[in-house]
Structure formats: structure tokens, C-alpha cells
Amino acid sequence: DPLDRDQIRAIPGGDIADNALMVLAGEFYRIHQAEGGDEIVAYQPDTQSVFDIAHLLAGKSIFYDLYDDPAWVHELLEICLDLYLRVVNHLKPLLGEASQGIMVHGHGTPQGVYFSDAGTRTSEDTATLLSPDMIAEFVLAYMERAIAPFEGGFVHFCGRHQPLYEQLCRSAGVKAIDLGNSEMYDLRWLLDRCAATRTVLYSRVTALPDESWPAYVERVAGLIRETGARCIVRPLVYPDSRAECLEMLDMWHTLTGNN
């Protein structure tokens, strides 16, 4: 259930280290390091954004308050920004990550990716319900303050919101974007905007109906080469054998010019 305002205002007085979820996370990371930390890399949990946290704490009333009591929403977001920073700063040492500039991301993927210019991750799903002006005031302003101490961030969101995608691309602190529903967008449109800002598109890329893996690779690689976008693609079409997978990788490198 949502918290009332007094309960939310009491959050800054709490000790993150004593929170049951943080205790559980710490125990998980300690077990990981003891049992195989050299072979399997742990990473930050699915940390929500400042605005998503505010939505989780306040519930649907936040959408009315955006119009009726914006001063309260800004107060709420300051509390959630402090909470986000305290949680990430608590978790990164448990992972053995430097406090700034680096991270490993692996949520929802069969592989992990090392980021050398981003130190945290955030999810902006609730922002898809807002207008571009509201995103600028209530989402991006706090997201940028949240990721700045870590020298940049990786951002995920589900759904279709083209203005949000463009605003994230233009944010200097956003190093990479992951789309939960890439099938809702035109791929060239996505790549053009990433190329213009040098933002990495780290995302699944949807296949066309009945598209074979060679046709998929040729189409996607061709668009990336034409636009000059920087990408880490998670394909949704796979060969049947390991030999074909190696052939797919070689074809990808040849077509994108990354031999």
C-alpha cells in the first residue's frame, strides 16, 4: 500500500544498512564472492529511478499531485533521490565496484556487459505516463542528479514514448539506453537519434516476421553501418548450431566493419 506523507518524510532518518532487503542483498553478494566471484560476475539489482521510487512510495496520487501540489512532488523526489543515492552507494562496495565510472550490467540478459563510463543504472518506466514537459521537470532533473555522482548511467524503460527516448539521448549523463519493447519503434529512427548524441543503444532488436538469421543480421548491421550508431545488440533470431553462431558473429563484424 502507498505510504502517507508523514511516513515518507520519515524515510531519511532510516539506516539503509539495517533494512531487511539490503541485509539480504549483502548476504547474497558475500556468498557470491565466497563461492565463485572470480567466474560469475554479480551486478546491481534492478534499481528503479527517482521518479519510479516516488511512484512506488506515494502510489497513484502522485499523478494528481503533479497538477494539484507540485511542491510536494518536488519534496518527495528529493527524499527519493537521497534514498537512491544511499542504496547505490551501499551496494557498490558490496559488489567490489569502484564508486564512480564503472559497472557491470546483466539484468534480463544471458550475458553481462562491462561499462567503463557509467557507474549506475536506473529504470524510468513510470515516466512513459508523463508529458515531455513533466519529464523534463520531474524526471530528468532528478535522474541527472542521481547518476552524476557515478559519472554516468545506463537507463532502461518499457513501453513506447518517443519524446522520452529523445530526451534521454540528449542527456549528457545517459551513456546507454535499453528498451523493453523495441518492437514498438522504427529501428532506423532509434539508431538515428543514438548516432546524433553518441548514446549507446543496448537493447533487444526485434526480428521481422519469418526473418532468417542471415537476413536479420544483414538488415540490422546495414542500418547500424548507415547511421553510424553505437550499439550492443541482443538479437532475437538465433542459428541452430554453434558453428552457425560463429558464422553469424563473423558476418556481423564484416557487415558493421568491426573485423
Side-chain angles (χ1 to χ4, degrees), residues 1-3 8 11 21 25 43-67 70 73-74 76-88 91 103 105-109 113 115 118-148 150 152-171 173-187 189-190 193-194 197 199-206 232 234 236:
D1 292 335
L3 303 181
I8 292 173
I11 289 174
L21 189 57
Y43 50 87
Q44 293 179 39
D46 188 13
T47 43
Q48 302 300 295
S49 68
V50 176
F51 194 86
D52 275 27
I53 296 169
H55 179 207
L56 290 168
L57 294 179
K60 64 183 180 182
S61 66
I62 193 173
F63 299 109
Y64 298 97
D65 290 333
L66 288 168
Y67 291 96
V73 177
H74 281 295
L76 169 62
L77 291 169
E78 291 290 348
I79 292 169
C80 294
L81 172 61
D82 172 72
L83 182 59
Y84 176 92
L85 291 171
R86 286 196 289 149
V87 167
V88 176
L91 291 174
M103 64 172 284
H105 176 75
H107 177 68
T109 71
V113 174
F115 286 92
T120 190
R121 51 99 54 223
T122 182
S123 292
E124 294 289 1
D125 297 300
T126 305
T128 60
L129 302 175
L130 305 184
S131 70
D133 287 345
M134 284 186 171
I135 289 171
E137 179 178 356
F138 296 101
V139 177
L140 292 183
Y142 291 90
M143 179 204 74
E144 289 171 350
R145 289 170 60 194
I147 64 180
F150 308 102
F154 163 93
V155 181
H156 162 85
F157 72 92
C158 290
R160 184 177 186 271
H161 198 309
Q162 289 177 308
L164 172 60
Y165 181 84
E166 292 179 300
Q167 287 169 290
L168 290 172
C169 284
R170 291 194 297 267
S171 174
V174 176
K175 305 301 183 180
I177 299 174
D178 170 45
L179 297 171
N181 298 102
S182 61
E183 71 278 4
M184 294 182 172
Y185 300 82
D186 175 75
L187 180 57
W189 184 89
L190 293 172
R193 278 140 189 84
C194 272
T197 58
T199 308
V200 174
L201 179 63
Y202 171 70
S203 187
R204 300 182 304 165
V205 173
T206 305
I232 301 174
R234 308 202 306 271
L236 293 180

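We number each residue from 1, following the sequence as shown. All figures in this text were calculated on a predicted structure; none of them were measured in a lab.
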Rounded at 0.5 Å granularity, tell me how far [atom1] in [X] sits from [atom2] in [Y].
{"X": "L201", "Y": "L179", "atom1": "CG", "atom2": "CG", "answer": "6.0 Å"}
{"X": "L83", "Y": "L57", "atom1": "CG", "atom2": "CG", "answer": "7.0 Å"}
{"X": "I53", "Y": "Q48", "atom1": "CD1", "atom2": "CD", "answer": "7.5 Å"}

Are [X] and [Y] linked by a side-chain donor-acceptor pair shorter than 3.5 Å?
{"X": "S49", "Y": "Y142", "result": "no"}
{"X": "H74", "Y": "E137", "result": "yes"}
{"X": "S182", "Y": "T206", "result": "yes"}
{"X": "T126", "Y": "D52", "result": "yes"}
{"X": "E144", "Y": "S171", "result": "yes"}
{"X": "Y202", "Y": "H156", "result": "no"}

- Message: For the residue pair R193 and Y165, would you count it as a cation-pi contact if the rule is NZ or CZ under 6.0 angstrom from the ring centre and within 45 degrees of the ring axis?
- Response: no

- Side chains of L164 and T128: closer than 4.5 Å at any heavy-atom pair? yes

- Message: Salt bridge check, R121 against D178: does any charged N sit closer than 4.0 Å to a carboxylate O?
- Response: no

- Are R145 and E78 ion-paired here, with the side-chain N under 4.0 Å from a carboxylate O? yes

- Sub-6.0 Å ring centroid separation between F115 and F154: yes

